[in-house]
There are 4 protein chains.
Amino acid sequence: MPRITPEHREARRAEIVAAARRCFSRDGFHQTSMPDIATEAGVSAGAPYRYFASKEEIILAIAGDAFRLVFGPVERLAATTEVASVGDLVAAALDALSAETVTDAAGRAVPVEELLRCAVQTWSELLRNEAVRARAVEGFESVRRGIADALRRGQEAGAVLSTVEPERGARVVMGLLHGFLLQRVAFDLTDTTGFTDDIRMLLEG
Amino acid sequence: MPRITPEHREARRAEIVAAARRCFSRDGFHQTSMPDIATEAGVSAGAPYRYFASKEEIILAIAGDAFRLVFGPVERLAATTEVASVGDLVAAALDALSAETVTDAAGRAVPVEELLRCAVQTWSELLRNEAVRARAVEGFESVRRGIADALRRGQEAGAVLSTVEPERGARVVMGLLHGFLLQRVAFDLTDTTGFTDDIRMLLEG
Amino acid sequence: MPRITPEHREARRAEIVAAARRCFSRDGFHQTSMPDIATEAGVSAGAPYRYFASKEEIILAIAGDAFRLVFGPVERLAATTEVASVGDLVAAALDALSAETVTDAAGRAVPVEELLRCAVQTWSELLRNEAVRARAVEGFESVRRGIADALRRGQEAGAVLSTVEPERGARVVMGLLHGFLLQRVAFDLTDTTGFTDDIRMLLEG
Amino acid sequence: MPRITPEHREARRAEIVAAARRCFSRDGFHQTSMPDIATEAGVSAGAPYRYFASKEEIILAIAGDAFRLVFGPVERLAATTEVASVGDLVAAALDALSAETVTDAAGRAVPVEELLRCAVQTWSELLRNEAVRARAVEGFESVRRGIADALRRGQEAGAVLSTVEPERGARVVMGLLHGFLLQRVAFDLTDTTGFTDDIRMLLEG
DNA sequence: CATGAATGAGCATTCATTCAT
DNA sequence: TATGAATGAATGCTCATTCAT
């Protein structure tokens, strides 16, 4: 019989992840030391190792979150939204990405800004870390499939041109979303509405 | 009087940069040590310090190259191309990004793949390195201006909708280019033609 | 009044010692962690500390066992055997050391192989651990005295040369026993009979 | 062209080995930290890593020395001595082991006491370190062969019983030598002459 | 009594950088 | 100039031990 409840354990783990996310967001994966994370979490130097076998596992957990949480609203939207034009779809997705926080599986609010800063670093990491890459690709494909479905439904409803191939069209939409995210987090271009309007303009004339 | 000619010195510097680029592309900025770079360049451990004050300066040099060289062809294209539709512009840009190598200021061929892998890492780096950020923003704005000009010329020629605001429209085009580059280098989606066709389809119906 | 009986307590302690012995034999004193021992014993991480104040105390207990148990049969033999030649004595001792298991004070069977592997490590340990040294010396001297007595009885019976000084002759016999044990456990030379025959040959011509 | 001569490099390496030997002899392999070794050698914490890839490599080097140097005189003796009785052979060997120092390949004097204390620890180490074991077995077999040869020559000269099988007789002699070394270093029994006399007495009546 | 979570000092190792030659 | 040996601070990680429950 454990001395702490599974809930407590889960909460402690979440605190460490949150601390790591703050550190990574602020200083980067490689400029953050394990003692930094422990200090930020207010625990001892050894404590994180009771929840993660290595620093890489923490990075992996956060890389997974970055994709899952950031694109969670987009996926839900793509699955449920009324059939709409491509412009509507992109606009709705960017809108979903513009919240201050998103909610994780346990209902905790996670700052989108932190997640995005970690997500960009994940792109570097997946270049030579197979575990990170696998998680990123899985997240990417999941969102892409969701968007492709939405495009398909749009075509059935006549709101999307039937000449667009949904799978490939979804790739272009993903490109726009990633492109926007990069501009927002790395180049401080945070004007979502303007970007959305411009896309509509280009797409719909 | 110098014991080595400026040309020799410049060539030696370029060798070190090229070695660093190979290492960074293969192993990442932070998994590459200065001795690694020296070894890859076939010089002594101290040699790089005669050309760069620190590892950060090498990263900075390569970050600058990554943006300048990758987007150089796009800029030239935006400046010189016959006025065209937005689809044409994007297609031409992606086409330019699909070469095996680009040529640096001294006429040396530089593998695009290496540059792109460094560029993605630069996005991480600029999050907390002001010097890298400055260089990246400078490159970004330069390309964006070029594209905006091209859009303006397109509007004058009637090939681009006059309702598009060139500066902001250029931002969307940059988003598409970055989104494509990320997919190519991080998610192995290398089908340029398909991507281009899909963009055209979405843009032009 | 205790919640567990002394018997239970003693049994639990013996389990921990046995687990530690297996770990030490397999991985060495210093490559075995306290959690390793607890896991091997199937108890909690804190449990060993209710029976031993420190890891060193466990090592000490096992060091004592190593000498006491390994040489127990030799001592009994030296005390009880019919007077015999030196060759007989050594042969009988090596024979006693060749059993699969020996029996501890509480009647538990303990694998000789494990004890020997711990004994060899004890030789290292006693070089700088006074407590271990004391226990080892005590065991050594006890066995040596037993062998000296046997030699004395042999001399009285005319089976051992009267010119042999028993105390010092016993030291040579101990050297042979230790030398054999080392060869067996460290150099995989397990041919007891051959070794015995050769000793006889050398001793008795 | 190296900045230090190979001689200087070799000397530096030898200093580090000597420092490690002192530390290991005093505190044991596992109680000695790499910083301890560096401090003892009067060099920086990183310096040993320019000569040895890891702590294990230092242990390995010293394990090799322990066997080679300690038994070097014995091997030379076995190879060159006038044919003699087994008692003479053992006596000469123990005599050779009783010097204060032995000389390594480069002519440096190495304290025998230190080597022996390291040798005893090597017996522990070889139980679970294949590299150490290989080196130890190689040294053991080499000496044993030398002793077997000496026995064979003794038999030819009529000084050793022809019924003794040299290879196996050599094993008994090795047992006596190891047994003596253990007593000397671990049990403070340093009286070589007494031990020798007793062996003679037992062997030759 | 027993548990196992938590601690925090300690360790092996790396690496950016310096500087005597 | 160029070399490469040396430095030493910093890092990821382990583990003996404690103690609240």
Side-chain angles (χ1 to χ4, degrees), chain A residues 1-5 8-9 12-13 30-39 41-58, chain B residues 1-4 8-9 12 30-39 43-58, chain C residues 1-4 8-9 12 30-39 43-58, chain D residues 1-5 8-9 12-13 30-39 41-58:
Chain A
M1 63 205 71
R3 295 291 307 292
I4 59 171
T5 62
H8 182 172
R9 184 176 167 83
R12 175 63 72 102
R13 191 192 131 111
H30 300 288
Q31 278 69 32
T32 297
S33 72
M34 288 296 276
D36 288 343
I37 294 171
T39 302
V43 298
S44 72
Y49 287 94
R50 292 192 59 75
Y51 298 87
F52 299 93
S54 66
K55 184 179 175 180
E56 197 192 307
E57 271 202 11
I58 302 185
Chain B
M1 80 198 60
R3 303 268 296 275
I4 61 168
H8 182 175
R9 186 175 165 79
R12 174 64 69 100
H30 301 287
Q31 278 69 34
T32 298
S33 72
M34 289 294 273
D36 287 343
I37 294 171
T39 301
V43 298
S44 72
Y49 285 91
R50 299 197 58 77
Y51 298 88
F52 299 92
S54 66
K55 184 178 174 181
E56 198 192 305
E57 272 204 9
I58 302 185
Chain C
M1 78 199 57
R3 302 269 296 274
I4 61 167
H8 182 175
R9 186 174 165 82
R12 174 64 68 98
H30 301 288
Q31 279 68 35
T32 297
S33 72
M34 289 294 274
D36 287 344
I37 294 171
T39 301
V43 298
S44 72
Y49 284 91
R50 298 197 58 76
Y51 298 89
F52 298 93
S54 66
K55 183 178 174 181
E56 197 192 304
E57 273 204 9
I58 302 185
Chain D
M1 63 205 70
R3 298 287 309 292
I4 60 172
T5 62
H8 181 171
R9 184 175 166 81
R12 174 65 70 102
R13 190 192 131 109
H30 301 287
Q31 279 71 29
T32 297
S33 73
M34 288 295 275
D36 287 344
I37 294 171
T39 302
V43 298
S44 71
Y49 286 94
R50 292 193 60 75
Y51 298 88
F52 299 92
S54 64
K55 183 178 175 181
E56 197 191 307
E57 271 202 11
I58 302 185

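By convention in this document, chain letters (A, B, ...) are assigned in the order of the sequence lines, proteins followed by strands, and residues within each chain are numbered from 1.
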R50(C) or R50(A), whichever maps to the more 5' nucleotide of DNA chain E: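 Closer to the 5' end of DNA chain E: R50(C).
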Determine the stems involving DNA chain E; a stem requires 3 or more consecutive pairs of the Watson-Crick or G-U wobble kind, each with both distances below 3.5 Å, and the answer is none if no such run exists.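 Stem segments, range with range: E:2-21 with F:2-21.
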A45(C) to A38(C) - nearest heavy-atom pair and separation: CA-CB, 3.9 Å
Can you tell me how far [atom2] of [N] sits from [atom1] of [X], to the nearest Å?
{"X": "F52(B)", "N": "dA16(E)", "atom1": "CZ", "atom2": "C1'", "value": "16 Å"}
{"X": "H8(A)", "N": "dA20(F)", "atom1": "NE2", "atom2": "P", "value": "15 Å"}
{"X": "I4(D)", "N": "dT21(E)", "atom1": "CD1", "atom2": "C1'", "value": "12 Å"}

Rounded to whole angstrom, note down the C1' distance from dT21(F) over to dC1(E). 12 Å
Distance below 4.0 Å between R12(B) side-chain N/O and dT1(F) OP1 or OP2: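 For R12(B), the contact criterion (side-chain N or O under 4.0 Å from OP1 or OP2 of dT1(F)) is not met.
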Nearest-nucleotide wise, let me know which of Y51(B) and V43(D) is further upstream toward the 5' end of DNA chain F. Y51(B)
Is it true that D36(B) and S33(B) share a donor-acceptor pair across their side chains at a distance under 3.5 Å?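 Per modelled atom types, S33(B) and D36(B) side chains form a pair under 3.5 Å.
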Starting at the 5' end of nucleotides 8-15 of chain F, put B wherever the base has a protein heavy atom under 4.0 Å, S where only the sugar-phosphate does, and a dash everywhere else. B--SSBBS
Sequence neighbours left out, what passes side-chain contact (heavy atoms from CB on, under 4.5 Å) with S44(D)? Give chain and number order.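 For S44(D), the residues satisfying side-chain contact (heavy atoms from CB on, under 4.5 Å) (neighbours in sequence not counted) are A47(D).
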Side chains of Y51(A) and E57(A) in contact at under 4.5 Å (non-hydrogen atoms): no
Full working for side-chain contact (heavy atoms from CB on, under 4.5 Å) between I58(D) and M34(D): CA-CA 10 Å; I58(D) 302 185; M34(D) 288 295 275; 3.9 Å; yes
